[in-house]
Amino acid sequence: MSKEKFQYLQLNIKKFQQDFWRRPRRLNALRATASMGILAIPFIVAGKPFYGVTLALGALAGALSETNDHPKGRIKALSITIVSFFISSFSVGLLNNYTWLLGAGFVLSTIVFILIGGIGERYRAITFGSVLVGIYAMLGIEISPAWYWQAVLLPLGALFHGAFTLILLYQNPWRLLDEQMAVGFEQLANYLEKKAMLFPSKKQEQESINKDLALLNINVVNTLEKIKEVLNNYGRELENQEPLRPYLQRFMLLQSLHERAASSHERHDKLSDEEERLEVMEGFGEMLRQLAFASRKVAENMLTGVEYHHPKALEWISDAIEIKLKEMDASIAQPLVLLHHNLYRSHISLKYLDDIIQGTSIPRLRKDERSPIERFRRQLNFSHPRMRYALRLSLSFMVGFILERSLSLDKGAWVMLTSLFVSQITYSDTRRRLFQRLLGTVTGVIFGALLLHIFTSVASQAILMMASALAFFYWLRTKYSIAVIFITTFVISAFNLISKDAGLHIMLPRLIDTLLGATLSFLTIRFLWPGWQYRRMPELISKAMQKNMAYLEAIVSEYKETSVDDLAYRIARREAHLADNELAVAWNSMRQEPRSKRKLMQHALTLTYLNHALLSHISALGAHRETNMPVIENISVITNQINEVLNEASKYLVSQKNIIPTELSPVLMELKEQIVLSDNHLKKQQLRLFYNIAGTSSKIMKEIEETWVDIKN
């Protein structure tokens with residue numbers, strides 16, 4: 001082979017490796033399918049398909065129970081998983097001939113498992129898998145050679161998958177953290193691309209864009225929470241925290257980039273009105289798109305190890321905007337200066353991404369200091385959402401079990417299996433899952449019937465089973481309805497392997513059982529503690545206002561004296577965004593509820609929009625806290641007056657009493673006067689940020705007053 005051909009081959013291999021590591025969904029699906037195939041194929045070839053398929057189901061449940069832990073933590077989690085799977089499957093086999101004892105045990109253990117899952121993410125995955133294994137054991141007990149075989153095979157399948165995963169994970173112990181961090185930068189990129197559409201934009205376009213931004217912000221904040229959880233999981237297992245420093249610093253960077261991305265300095269339609277500003281506004285839009293591109297490059301760096309190369313276009317665009325701003329009239333350019341500075345700082349942060357400051361302390365993260373027992377006890381009241389979810393799910397199981405035994409339903413355990421996957425904590429999530437499950441099952445049954453007529457040999461059906469498993473895991477986290485199609489074809493092909501034509505015979509029972517399970521899930525959440533969102537709105541609005549106050553106070557404290565450890569500031573920022581998320585999720589969920597329960601829909605939308613706008617203005621103030629901004633003499637007085645209104649707004653709907661709100665007009669007039677009189681452009685911009693915060697707070701108070709009038713009427 002010539003030198004040129006060898007280099008070409010090396011280059012192609014390197015590209016393939018990078019593409020391979022760039023796709024975590026493909027990797028995880030391939031890993032789970034590989035472990036299932038290794039277990040199932042030899043037994044299928046040997047003519048013992050029951051053993052192979054049961055082991056594969058154990059591996060499938062084990063894959064669904066995986067936790068985002070350091071390898072040491074994974075070993076602990078795997079030990080708990082195997083014990084839980086054994087108890088669950090052994091109990092089903094042992095009590096199978098004692099119908100009502102089995103039913104009572106299954107229903108009560110479900111409540112316990114769900115509440116244990118509420119302790120933390122690690123337990124949630126394991127306990128879900130344990131309930132799933134119990135249902136698998138019920139489905140397979142009739143065809144099991146002996147009652148105890150499933151108690152051996154299902155945990156053994158999970159153990160094999162867990163061990164297989166651990167071996168791969170030890171080759172790259174930081175892979176799980178890399179993947180989670182990459183998701184964070186990808187979600188930020190999605191947010192930045194959508195925000196770029198505001199530069200420039202017209203007022204009538206902005207409502208739709210801002211709605212999308214509020215929903216995208218949910219994804220970013222939720223991902224930040226997951227990253228924090230994984231970082232804490234790794235931190236618990238490491239004696240030396242130093243290897244965690246680069247990840248912590250990138251997490252700090254991601255939080256900072258999100259704060260700047262979420263910030264809003266001025267109404268975008270106002271900025272787009274002036275003809276002279278249009279070119280600069282288009283420049284800002286392109287700068288945001290390039291920042292999104294850079295964020296995706298960071299995600300790629302996390303996944304593949306390819307060196308991060310900062311987009312040169314960002315430097316050119318930023319310089320062009322700066323030149324243009326200097327050429328413009330100061331009064332026209334003034335509202336754009338801080339906005340440019342904000343984007344410029346994001347550009348610089350990404351440009352010097354890996355310039356880690358040596359000798360600095362490792363950033364701290366907030367940890368849940370409560371013990372597992374304390375977290376478990378907190379759920380032991382009927383008002384807790386998880387307790388209500390546990391009771392609804394167990395009731396669905398109880399009715400499903402009674403129907404299965406009294407009507408002698410063929411494969412009746414699928415009623416409970418459907419309830420497990422369809423039932424969610426909220427009405428809107430349950431309704432969404434219901435339609436996805438029904439659509440996926442019907443499509444999967446039709447698709448499966450066609451495929452079984454094409455793939456008639458044992459070998460082709462084994463391939464179909466494995467291909468279905470691969471597709472199921474690939475789509476599970478992103479397109480649930482598509483994942484259901486493939487898990488249906490997986491089940492049909494698996495049963496066909498165990499007994500000839502059994503896959504075709506179970507199609508109708510699967511449809512009937514799926515419909516029954518989905519109906520039970522819907523009825524339980526429709527009539528048992530559905531938690532209509534309009535009832536939660538006063539509490540959520542109150543919480544959002546309180547967290548905004550705390551965030552604003554933390555920013556003002558940072559302006560007065562920058563803290564060495566900004567943990568308190570980051571906690572205040574995080575909690576304000578989480579409260580904003582809850583409000584946005586509640587409004588979004590309200591749209592899925594029955595028309596009669598969509599009370600205060602328009603008020604909920606307006607308050608969600610205004611709260612997000614307020615948080616954006618506060619974030620803009622926070623984004624510049626490290627800049628050498630001039631000090632406003634009466635900053636404490638202004639902040640106290642704004643917080644007084646926010647405090648009143650937080651109490652208004654909860655107390656259900658008429659409160660005479662503090663009038664912010666004097667504050668707005670004073671700020672306007674200071675803006676006019678100030679000669680310092682940076683000070684003008686800082687004052688404008690306070691003006692926008694005060695103005696939006698005043699609008700929120702007026703909207704809350706109107707909401708209260710509608711509640712009374």
Side-chain angles (χ1 to χ4, degrees), residues 36 39-40 43 48-65 78 80-114 116-117 125-162 393-394 396-398 400-405 408-421 465 469 487 490-491 494-495 497-499 502 506 509-510 513-514 517:
M36 291 170 69
L39 290 168
F43 285 97
K48 303 283 185 181
F50 169 79
Y51 299 95
V53 169
T54 307
L55 284 166
L57 285 173
L60 187 148
L64 293 175
S65 305
L78 181 60
I80 299 169
T81 300
I82 301 309
V83 172
S84 301
F85 282 18
F86 175 76
I87 291 169
S88 189
S89 53
F90 182 80
S91 301
V92 170
L94 187 65
L95 300 176
N96 185 56
N97 294 324
Y98 305 93
T99 301
W100 302 114
L101 195 57
L102 172 62
F106 184 63
V107 168
L108 291 174
S109 64
T110 296
I111 296 173
V112 174
F113 274 134
I114 296 300
I116 291 173
I126 294 169
T127 52
F128 174 84
S130 302
V131 176
L132 180 64
V133 160
I135 299 173
Y136 281 163
M138 288 183 193
L139 281 167
I141 193 71
E142 293 174 3
I143 54 176
S144 178
W147 68 269
Y148 54 81
W149 269 115
Q150 292 189 107
V152 174
L153 297 172
L154 288 168
L156 198 59
L159 177 62
F160 178 85
H161 173 75
L393 182 60
S394 60
S396 297
F397 283 173
M398 184 178 74
F401 187 82
I402 291 170
L403 288 173
E404 178 204 358
R405 296 300 164 119
S408 299
L409 295 174
D410 189 13
K411 301 299 176 190
W414 266 323
V415 176
M416 290 168 281
L417 188 66
T418 301
S419 292
L420 176 64
F421 281 102
M465 187 178 80
I487 197 62
F490 171 85
V491 167
F495 271 93
L497 284 166
I498 292 171
S499 178
I506 66 166
R510 181 164 175 83
D513 295 342
T514 298

For residues 143-162, please give each side-chain donor-acceptor pair under 3.5 Å, one per line with the distance, not counting sequence neighbours.
{"residue": "S144", "atom": "OG", "partner": "A146", "partner atom": "O", "Å": "2.6"}
{"residue": "Q150", "atom": "NE2", "partner": "A137", "partner atom": "O", "Å": "2.8"}
{"residue": "H161", "atom": "ND1", "partner": "S35", "partner atom": "OG", "Å": "2.9"}
{"residue": "H161", "atom": "NE2", "partner": "E66", "partner atom": "OE2", "Å": "2.8"}
{"residue": "H161", "atom": "NE2", "partner": "T165", "partner atom": "OG1", "Å": "3.4"}

| message | Apply side chain to side chain contact (heavy atoms under 4.5 Å, CB included) to residues F43 and V53 and explain how you reach the verdict. | response | CA-CA 8 Å; F43 285 97; V53 169; over 6 Å; no
| note | Tightest non-hydrogen contact, residues S130 and S88, listed as O-OG, 2.8 Å
| query | When you look at E404 and V415, which way does the side chain to side chain contact (heavy atoms under 4.5 Å, CB included) test go after all the steps? | reply | CA-CA 8 Å; E404 178 204 358; V415 176; 5.9 Å; no
| query | So do T99 and F401 actually touch side chain to side chain, heavy atoms under 4.5 Å? | reply | yes
| field | Non-neighbouring partners of S65 that pass side-chain contact (heavy atoms from CB on, under 4.5 Å), sequence neighbours left out | value | T81, F85
| note | For V133 and S89, the nearest pair of non-hydrogen atoms, with its separation, is CG1-CB, 4.0 Å
| message | Tell me every residue that passes ring pair (Phe, Tyr, Trp, His ring centres under 6.0 Å) with F421, counting only those two or more places apart in sequence or in another chain. | response | F128
| field | Side chain to side chain, L57 and F490, heavy atoms closer than 4.5 Å | value | yes
Ignoring hydrogens and angles, write down the donor-acceptor pairs under 3.5 Å from the side chains of residues 103-110, residues two or more places apart or on other chains.
{"residue": "S109", "atom": "OG", "partner": "G105", "partner atom": "O", "Å": "2.9"}
{"residue": "S109", "atom": "OG", "partner": "F106", "partner atom": "O", "Å": "2.9"}
{"residue": "T110", "atom": "OG1", "partner": "F106", "partner atom": "O", "Å": "2.7"}

| task | May I ask you to test the L60-I487 pair for a side-chain heavy-atom distance under 4.5 Å? | result | yes
| said: Looking at every non-hydrogen atom in both residues, tell me the closest pair between M36 and A469 and how far apart they are. | reply: CE-CB, 3.9 Å
| For the atom pair CG (L497) and CZ (F50), what is the distance rounded to the nearest 0.5 Å? | 14.0 Å
| Which heavy atom of G93 sits nearest a heavy atom of I141, and at what distance? | CA-CD1, 3.9 Å
| query | N96 and L102: which non-hydrogen atoms are nearest, and at how many Å? | reply | CA-CD2, 4.1 Å
| field | Residues which pass ring pair (Phe, Tyr, Trp, His ring centres under 6.0 Å) with F86, listed by chain and number, not counting sequence neighbours | value | F90
| message | How long is the straight-line distance from CD1 of I80 back to CD1 of I126, given to the nearest 0.5 Å? | response | 5.0 Å
| query | Side chains of T54 and Y136: does their closest heavy-atom pair fall under 4.5 Å? | reply | no
| remark: Note: L39 and L55 closest approach over all heavy atoms is CD1-O, 3.7 Å
| note | By side-chain contact (heavy atoms from CB on, under 4.5 Å), T514 pairs with (sequence neighbours left out) T418, R437, L438, T441, R510
| message | According to side-chain contact (heavy atoms from CB on, under 4.5 Å), who are the partners of A413, at least two apart in sequence or on a separate chain? | response | I135, M138, L139, M416
